[in-house]
Novice: 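I am attaching a structure below and will ask some questions about it afterwards.
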Amino acid sequence: MIGLMDCNSFYVSCERLFRPDLRECPVVVLSNNDGCVVALSREAKQLGIRRGTPYFKVRSLLISCGAAVFSSNYTLYQNISNRVMAVLGELFGEVEVYSIDEAFVHFPLDMPGSVEQAAGAAKEHIERMVGIPVSFGFARTKTLAKAANRMAKQSSCPEGVYVLDESREEEVLRRFPVTDIWGIGSRKGRWLLQRGVVSAWDLRLAPSYWIKEHLSLVTLRTHWELQGRPSIGPETPGAPRKGILSSQGFSREITELFPLSQAVATYAERAAGKLNDQQSTAGYVTVFVRTNRFRHDLQYAREVTLRLDPPTGSSTEIVAAAQRGLRIIFREGYSYAKAGVLLSGIDLPEALQQNLFISRDDRRQRLELAVQQLKSNYGRRVIHTLSSGGEHSWAMRQEYLSPRYTTNWKELPMVR
DNA sequence: TCTGGGGTCCTAGGACCC
DNA sequence: TCTGGGGTCCTAGGACCC
């Protein structure tokens, strides 16, 4: 059987780990720029707040209820996630990490006891070793395991473990809304509802040719998975990214070229850093800028893609290209709210097509290497291009950031 | 005042080939 | 009068995921 482990309200649980005083209290975690609510504790859900709600709309409600509010602290969450996955790996062997708070596991045939017992023990062990509450759903396929996991999170399942045996599939899927199935989003969900496909069981019974014709191969796989035929393979572990995006909204709108180009340089450098981490080169740089999409006046959004020939991993070349791009799309007279840099055409250097007409500058390569070395030893911001430096008055808002308890010597939790 | 960021895969359609 | 059939590769955009 395939199992899906999912951390309960993961970001909230990470914050609570170091703030046990918040265990009973409503807690929310905000997106970048403290924009939207992206994680909620059970108590916060009971206040009627939904994931994705803009913070400014619920701020007064949260304050009046004595809720704790946090900015996203990804450094902390990623570190806690690594710990959860490591413990999971000790218990189940191979783990397919699907997201920061989810992983698929297999129940090994030689494991003693029932699936329920093993998952229950694993849940307890993770909570004891790392301190994060998790849920397990087991079933014949990934899609069914996802559904089982959802069952495990319901109040009717206090153990937090749900094993969806084949014999129980019909009973469970008949009550399972089609719109809650993994792979059915809002668009397909609406389309299916209009045609009387209401439950997961309905989708399982629908004719395959009808699904293939009107929906897609992806939905056909979902349909097979609901029938118990595994159709979604494993993700390749450690596969290099095919596109690398760094973008961010500004904490205040920008009208001048200079701060905008500073921001674009910063994002380009961040993207180049991720590119270097996977030791690849990029063939294209896309730069985009846009005004506040929630405003009705003076909308402007444009992007441009420049070719890097030959492909490069050099942060200085990538920054320079991004700034060239910005000068092409920048227009005076607008208030910019967001910019971003996307790297694509990504390849490993071995696969690199050598450009016969341009010889690589050896000194520049040595410089790149030295810069990378410094960054990996002393942190990403220890050295940066001049164009990304200076004061970032537009920098992300993070008013409620918790300390990086587990990854920074200066921010270790104190026990008094 | 204030509305996230980062990915993946698939499909359709165009350009091009024989 | 009559205008094939089969491919590949690339890109943009859509839908979905967390």
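Residue numbers begin at 1 in each chain, while the letters A, B, ... track the order of the sequences.
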Novice: Taking NZ, NE, NH1 and NH2 as the nitrogens, is one of them in A:E225 or A:K142 under 4.0 Å from a carboxylate oxygen of the other?
Specialist: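 Not counted as a salt bridge, because no side-chain N and carboxylate O are separated by less than 4.0 Å.
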Novice: Whole angstroms only, please: what is the CZ-C1' distance between A:R150 and C:dC18?
Specialist: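 Checked: the CZ to C1' distance equals 13 Å.
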Novice: Pick base, sugar-phosphate or nothing for A:D34, based on heavy-atom distances below 4.0 Å to the nucleic acid.
Specialist: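 No contact.
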Novice: Has A:D101 got a side-chain atom pairing as donor or acceptor with A:F10's backbone, closer than 3.5 angstrom?
Specialist: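 It does not hold such a pair.
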Novice: Report yes or no: is the cationic atom of A:R19 (NZ for Lys, CZ for Arg) under 6.0 Å from the centre of the six-membered ring of A:F70, at an angle within 45° of the ring normal?
Specialist: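 No, a cation-pi geometry is absent between A:R19 and A:F70.
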Novice: Just how far, in rounded Å, is C1' of B:dT1 from CZ of A:R295?
Specialist: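 Those two atoms, CZ and C1', are 12 Å apart.
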Novice: Using Watson-Crick pairs (N1 to N3, plus N6-O4 or O6-N4) and G-U wobble pairs, both distances under 3.5 Å, which stems of at least 3 pairs involve DNA chain C?
Specialist: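 So far as stems of 3 or more pairs are concerned, DNA chain C shows B:5-18 with C:5-18.
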Novice: Heavy atoms under 4.0 Å is the rule here; annotate nucleotides 5-11 of chain B 5' to 3' with B where the base is hit, S where only the sugar-phosphate is, and - elsewhere.
Specialist: SSSSSSS
Novice: Only pairs at least two apart or in different chains count here, so list each ring pair (Phe, Tyr, Trp, His ring centres under 6.0 Å) that has a residue in residues 219-247 of chain A.
Specialist: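 Matches after skipping sequence neighbours: none remain.
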Novice: For the residue pair A:F250 and A:Y267, does the interplanar ring angle fall in the parallel (under 30°), tilted (30 to 60°) or perpendicular (over 60°) class?
Specialist: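 Because their plane-to-plane angle is under 30°, the rings of A:F250 and A:Y267 count as parallel.
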Novice: With a non-hydrogen cut-off below 4.0 angstrom, is A:K188 in contact with a base, only sugar-phosphate, or nothing?
Specialist: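 Sugar-phosphate contact only.
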Novice: Return the value, rounded to whole Å, for the distance between atom CD1 of A:I232 and atom C1' of C:dC16.
Specialist: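 Those two atoms, CD1 and C1', are 12 Å apart.
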Novice: Salt-bridged, A:E43 to A:R16, with N to O below 4.0 Å?
Specialist: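 Yes, charged N to carboxylate O under 4.0 Å.
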Novice: Give the nucleotide from the list B:dG4, C:dC18, C:dC16 with an atom nearest to the side chain of A:S186.
Specialist: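 When the side chain of A:S186 is considered, C:dC16 is the closest of B:dG4, C:dC18, C:dC16.
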Novice: Whole Å only: how far is the CZ atom of A:F288 from the C1' atom of B:dG4?
Specialist: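 It is 12 Å, rounded to the nearest whole Å.
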Novice: Which donor-acceptor pairs under 3.5 Å do the side chains of residues 73-92 of chain A make with protein atoms, sequence neighbours left out?
Specialist:
| residue | atom | partner | partner atom | Å |
| --- | --- | --- | --- | --- |
| A:N73 | OD1 | A:L76 | N | 3.3 |
| A:N73 | ND2 | A:S402 | O | 2.8 |
| A:N73 | ND2 | A:S402 | OG | 3.1 |
| A:N73 | ND2 | A:P403 | O | 3.1 |
| A:Y77 | OH | A:E15 | OE2 | 2.6 |
| A:Y77 | OH | A:N73 | N | 3.4 |
| A:Q78 | NE2 | A:N82 | OD1 | 3.1 |
| A:N79 | OD1 | A:R83 | NE | 2.9 |
| A:N79 | OD1 | A:R83 | NH2 | 3.2 |
| A:N79 | OD1 | A:T406 | OG1 | 2.7 |
| A:S81 | OG | A:I100 | O | 2.7 |
| A:N82 | ND2 | A:Q78 | O | 3.4 |

Novice: Should A:F294 be counted as stacked on B:dT3, where stacking needs a ring-centre gap under 5.5 Å and an angle between planes under 30 degrees?
Specialist: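 Ring-base stacking flag set for A:F294 and B:dT3.
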Novice: Give me the distance, rounded to whole Å, that separates C:dG4 from B:dC17 when you measure between the C1' atoms they each carry.
Specialist: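 It works out to 15 Å between them.
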Novice: Donor-acceptor pairs under 3.5 angstrom involving side-chain atoms of residues 331-344 of chain A: please list them, not counting sequence neighbours.
Specialist:
| residue | atom | partner | partner atom | Å |
| --- | --- | --- | --- | --- |
| A:R331 | NH1 | A:I328 | O | 3.3 |
| A:Y336 | OH | A:R331 | N | 3.0 |
| A:Y336 | OH | A:R331 | O | 2.7 |

Novice: May I have the distance from A:L4 (atom CG) to C:dC17 (atom P), rounded to whole angstrom?
Specialist: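 Rounded to the whole Å, the gap is 14 Å.
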Novice: What is the distance, rounded to the nearest whole Å, between atom CZ of A:R187 and atom C1' of C:dG13?
Specialist: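 So the CZ-C1' distance, A:R187 to C:dG13, works out to 12 Å.
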Novice: Which part of the nucleic acid, if any, lies within contact of A:R59, taking any heavy atom under 4.0 Å across all strands shown: a base, the sugar-phosphate backbone alone, or nothing?
Specialist: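 The residue A:R59 makes base contact.
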Novice: According to side chain to side chain contact (heavy atoms under 4.5 Å, CB included), who are the partners of A:P413, at least two apart in sequence or on a separate chain?
Specialist: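 Testing A:P413 for side chain to side chain contact (heavy atoms under 4.5 Å, CB included), a comparison that skips the adjacent residues, returns A:F18, A:Y405.
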Novice: Measure CD1/A:I184 against C1'/C:dA15 and give the value in whole Å, please.
Specialist: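 In whole Å, C:dA15 C1' and A:I184 CD1 are 11 Å from each other.
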Novice: From NZ of A:K142 over to P of C:dC17, roughly how many Å is that when rounded to an integer?
Specialist: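 Distance, rounded to whole Å: 15 Å.
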